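Values below: all heavy atoms of this structure, side chains included; hydrogens, waters and symmetry mates excluded. Note that the structure is a prediction, hence the values are computed from the model and not measured. So that the names make sense, note that chain A is the first sequence line, chain B the second, and so on, each numbered from 1.
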Amino acid sequence: MNIGRLNWLGLALLLGTFLFAALRVISYSRQSNDPDRPVLRFAHWQLEGGVRDAFDEVAREYMRLHPHVRVEQLAIPDRAYPSWLRTQLVGGTAPDLIAVGMGVTDELLARFFTPLTEHVEQPNPYNQGTPLEGLPWRSTFVDELTGSAFNVNLLEYYSIPSTLFTVRVFYNRDLWRSALGDTPHPADYRAFLAICARVEEWARERNRPISAISGSRYNAPFLMAQLFRGQTQRLALDVDMLRTMNASPSELGVAFLRGEFDLEDDAIRSGLTLMREVGHHMQPGFLQLGRDDAMFRFAQGTTLMMATGSWDATSLRQQVPFELGVFSLPSPAADDAEFGRFVLGPASEGNIRTASGFGLTRQSQNPELALDFLHFLASRPGNRLFTGRSGWLPAIVGVEPDAFMAPFVPRIEGVPDGFDLTLRSLGPDLERARDNHLHHLFSPSGGVDEFLRRFAPAARSAIRDGLRMRSRNAGRNVMRQDVQLAAFHRLGALRPDEQAQHASRFAALLEGQNSQEADLIWIEQELGRLASPP
Amino acid sequence: MHTYVSSPSRALPRLALALAVLGLAACSPRDHAARSGPLTAEQAWELAGLSLLDDAGRAFRTLSSESAKEEALFGRALTLLVAQPKTETNIHQAARLLTALADEASDPGLRVAARYYLGRVEQVHRLAPDRAAAARIYAALFEEHPDTLFGQLAFIKWSLLELHRGAAEDFEARASAVEDAGRLLTIPTLRKEHHLHLAFARLRNGRRDQTTLAHLRSAVELGVVRVNSRTNATIALVNLAHELGDHETALRFGRDFLAEFPRDIRASRVREILATLPSENPAEAASS
């Protein structure tokens, strides 16, 4: 075939594709622009089992209540979501409602999303006839929307959540019964270790390749970080210079550099010992495995347990060929002879906030309708439908989770947790330093001493870098806030009837700015002091 | 050897491709300003309030109304400070505009605001910040305009610099100076900021004493706005009051905390503290 023919074939293919796409667009536009049946589209990245069905069910019920409306769901894979989202927003083709979180920056929020602040202070009409009738919408959420729904930099509510997430240990009930009989769930760390040892012994006797825990670089940290944090509960209070019982990453970093604690501290060594012990009950090489590998081994029945979040509950229930059980992550009890002296008690999960929220785009052709659908989705009846089908935890007060999810309900009673090796996510350098050396903790020839010998020098410099990064980030925020503060002040002066509103935004933003500014000046002062010789 | 020659069979696909590119370019979204023409000063400030600072900068540049001239200059100066990429030229030009406004603006409030932002230029916006210069501008502004919002705000910024400089041994003297000067503040929001940051600076310097407690209490009573800041300030107050034996304060603010934040991870700790206080424990109260 000569080049000329190939060119014509290519052109024909191009034209054919163009025509097909054009016809699709025209047909879609006609549907979308049908004034008698507006189309409402919402997009998200939650492809876990049951979630799309749950959204479909909510949409069907909404369409039953409003037969003139058509609701469409767009489920986008999480890997493509950030770029898809940006393309849609910038291209002016965004759907009415978009799941906010992955890839949505403050700038995108401000530019492309409608603030929902005035709406969250009004009652949700779909709560009529329920005990939530007449309450401000905000007060009908289990956390009163104190989580990511409110953007602390823009001082507005931008999304409406539908769930919250917790982490638990899933186990294979069939395997549990075979290996452990009617042994109850472990009440603490010792009982958990005993169960790990028993199931492995049972497997060895039968020559079956079974590990107690399905680990991976995704799953293992859920369990290990919690054990480590339990050991630093007292230490976190000792270095809590502001007496808030919630030392920030910067405070922990400065306390470390000041020498108020170090990696040789008994509590830190004890936390690492726990991590090593638990790591030995995961399959060999678990640090090299990903989320899907751990899930696959668990589903195959070659591990008894796996720690993961409530977001995976429905997928697991659909995929595994055995009965699933769930229990809370175990921690050493306060009376544990070896580890108890560092523990204050079970950690509270009261700081877990609602998540997975939808924002209303400014490009929405039917913003009132989109808001109405959001009202329905986050009403007591709507959230009950969503929760019942998705198996996720409810975000609305008074909606009961399904029986399987009961163990996932956040535990409010408890004490503030300690910190992990990343000092509550001080910065990426510290996480990288930890990850680079973590295999020394688990290797047969390694251990706590070997890990610390490798990690300690890297940690000190990574903590300094983390503090510098935080200071730089705070500086950038402070600069932008300078302009916003002037804006609120001038708007108050130019529009006397809105003065109170702008004064209140000025006060809130100034509080945030001063707090960040004090932190950054203090960090720089401490870094300067600690760098100079005494 | 193959020679490439332009031929009709190749030109047509190229033409199609060129047309497609032109078509795409024609369909690309245009910016807000281009669609809707020049904005008013209020609209430009609205964009700035939403943190859409590039758009706000463009809007201020296109403001033509004579009545909004000073507003436009002020807006232009501030948006130049955050324009990307950050350049010495932009910062220098912003400082020049602010200086002109500080000297000549017809609105006295704008003159004070411009001087305040000259302090901000020195402290945070310059590529090589000069905190000492900023502190001098803030101190002078507060001295000359102690009754204005930006005069008092300048004091708060000066105090943050003052509390976090120098040797640890000098802290008490600097904190006392800040404390004394802060008595002139009259705006409740700024008084609260003063007490809050003085208390936290004292705590960072190891001062767990009655003075710190008094500042924390004043801040919480004046009203901390943000939820996270309010929980932290109230918990710090309850803890410190408990440590110092001020049962009345621990009890009052502990109860307030539990009423407002029953789900907070520190609620159980507050309940523990309250349970140890005499008025929550009738037997102990009777014996004491």
Who wins among N205(B), L160(B), T189(B) for the most heavy-atom pairs under 4.5 Å with chain A?
L160(B)
Among residues 119-128 of chain B, residues within the sub-4.5 Å heavy-atom range of chain A, in order of number, are R120(B), Q123(B), V124(B), H125(B)
Sidechain N-carboxylate O distance under 4.0 Å for R271(B), E413(A):
yes
side-chain contact (heavy atoms from CB on, under 4.5 Å) partners of E498(A), counting only residues at least two apart
R495(A), Q501(A), H502(A)
Taking the six-membered ring for Trp, are the ring centroids of F60(B) and W45(B) within less than 6.0 Å of each other?
yes
Any residue meeting side-chain contact (heavy atoms from CB on, under 4.5 Å) with A474(A), in chain and number order, not counting sequence neighbours
Q516(A), L520(A)
Check the pair L198(B), S159(B) against side-chain contact (heavy atoms from CB on, under 4.5 Å), reporting the backbone distance first and the verdict last.
CA-CA 8 Å; L198(B) 194 44; S159(B) 73; over 6 Å; no
Relative to chain A, which segment of L149(B) carries a heavy atom at a distance below 4.5 Å: side chain, backbone, both, or neither?
side chain
Checked A507(A), G414(A), G475(A) vs chain B; the most non-hydrogen pairs under 4.5 Å come from G414(A)
CD of E71(B) to CG of L101(B): how many Å apart, nearest 0.5 Å?
9.5 Å
Show your reasoning for whether side-chain contact (heavy atoms from CB on, under 4.5 Å) applies to R230(B) and F261(B).
CA-CA 10 Å; R230(B) 192 157 70 246; F261(B) 308 108; 3.9 Å; yes
L15(A), part contacting chain B, at a heavy-atom distance under 4.5 Å
neither
Heavy-atom distances under 4.5 Å only: say whether L216(B) touches chain A with side chain, backbone, both or neither.
neither
One pair to check against side-chain contact (heavy atoms from CB on, under 4.5 Å): L73(B) and L98(B). What are the steps and the verdict?
CA-CA 8 Å; L73(B) 289 178; L98(B) 289 170; over 6 Å; no
Could you check which of L109(A), D240(A), I412(A), L242(A) has the highest count of heavy-atom pairs closer than 4.5 Å to chain B?
L242(A)
Using heavy-atom distances under 4.5 Å, tell me whether N228(B) contacts chain A through its side chain, its backbone, both, or neither.
neither
So for R411(A), is it side chain, backbone, both, or neither that comes closer than 4.5 Å to the heavy atoms of chain B?
neither
Does a sphere of radius 6.0 Å around CZ in R131(B) hold more than 12 heavy atoms from other residues, nucleotides or ligands, not counting ones at 6.0 Å or beyond?
yes
Is a donor from one side chain sitting under 3.5 angstrom from an acceptor on the other, for Q43(B) and T40(B)?
yes
Using non-hydrogen atoms only, which part of L154(A) is less than 4.5 Å away from chain B: side chain, backbone, both, or neither?
side chain
Per-residue tally against chain A (heavy atom, under 4.5 Å) across R204(B), R266(B), E42(B) peaks at R204(B)
Go through the steps for D143(A) and T354(A) under the test side chain to side chain donor-acceptor pair (under 3.5 Å), then give the verdict.
CA-CA 7 Å; D143(A) 64 345; T354(A) 50; 2.9 Å; yes
Those residues at least two apart in sequence (or on a different chain) that pass side-chain contact (heavy atoms from CB on, under 4.5 Å) with D209(B) are R202(B), R207(B), T211(B), T212(B)
Y116(B) pairs by ring pair (Phe, Tyr, Trp, His ring centres under 6.0 Å) with which of F150(B), F74(B), W158(B), F155(B)?
F150(B)
Count the heavy-atom pairs under 4.5 Å between each of R111(A), E144(A), E156(A), E349(A) and chain B, then report the option with the highest count.
R111(A)
Run the side chain to side chain donor-acceptor pair (under 3.5 Å) test on D106(A) and N151(A) for me, step by step, so that the C-alpha distance in whole Å, both residues' side-chain angles and the decisive distance to 0.1 Å come before the verdict.
CA-CA 8 Å; D106(A) 286 357; N151(A) 184 292; 2.8 Å; yes
Interchain contact, E511(A) with chain B, by part (heavy-atom threshold 4.5 Å)
both
We want to know whether Q226(A) and S331(A) form a side-chain donor-acceptor pair, criterion being a heavy-atom distance below 3.5 angstrom.
yes
Need one label for Y117(B): side chain, backbone, both or neither, based on atoms under 4.5 Å from any heavy atom in chain A.
side chain
Proximal component of L509(A), with respect to chain B [non-hydrogen, under 4.5 Å]:
both
Pairwise distance CG(L78(B)) to CZ(R480(A)) - rounded to 0.5 angstrom
13.5 Å
Can you tell me which portion of N239(B) sits under 4.5 Å from chain A's heavy atoms? Options are side chain, backbone, both or neither.
side chain
Taking the six-membered ring for Trp, are the ring centroids of F113(A) and Y158(A) within less than 6.0 Å of each other?
no
Heavy-atom closest contact (A199(B) atom, H215(B) atom, distance):
CB-CB, 3.9 Å
Which atoms of F506(A) approach chain B - backbone, side chain, both or neither, heavy atom under 4.5 Å
side chain
Contact leader toward chain B among N246(A), L485(A), T146(A), where contacts are heavy-atom pairs under 4.5 Å
N246(A)
Given heavy-atom pairs under 4.5 angstrom as the criterion, report whether the side chain, backbone, both or neither of P262(B) touches chain A.
backbone
Can you tell which part of L510(A) gets under 4.5 Å to a heavy atom of chain B, answering side chain, backbone, both or neither?
both
With a 4.5 angstrom heavy-atom cut-off, which part of V224(B) approaches chain A: side chain, backbone, both or neither?
both
Look at N514(A), L494(A), I521(A), V483(A) and state which one has the largest set of heavy-atom pairs under 4.5 Å with chain B.
N514(A)
Largest heavy-atom contact set with chain A, pairs under 4.5 Å, which of R165(B), R269(B), K157(B):
K157(B)
Heavy atoms only, distances under 4.5 angstrom: which of E251(A), E524(A), R476(A) has the most pairs with chain B? Name it, please.
E524(A)
Heavy-atom pairs under 4.5 Å with chain A - which of S229(B), A168(B), G109(B) has more of them than the others?
A168(B)
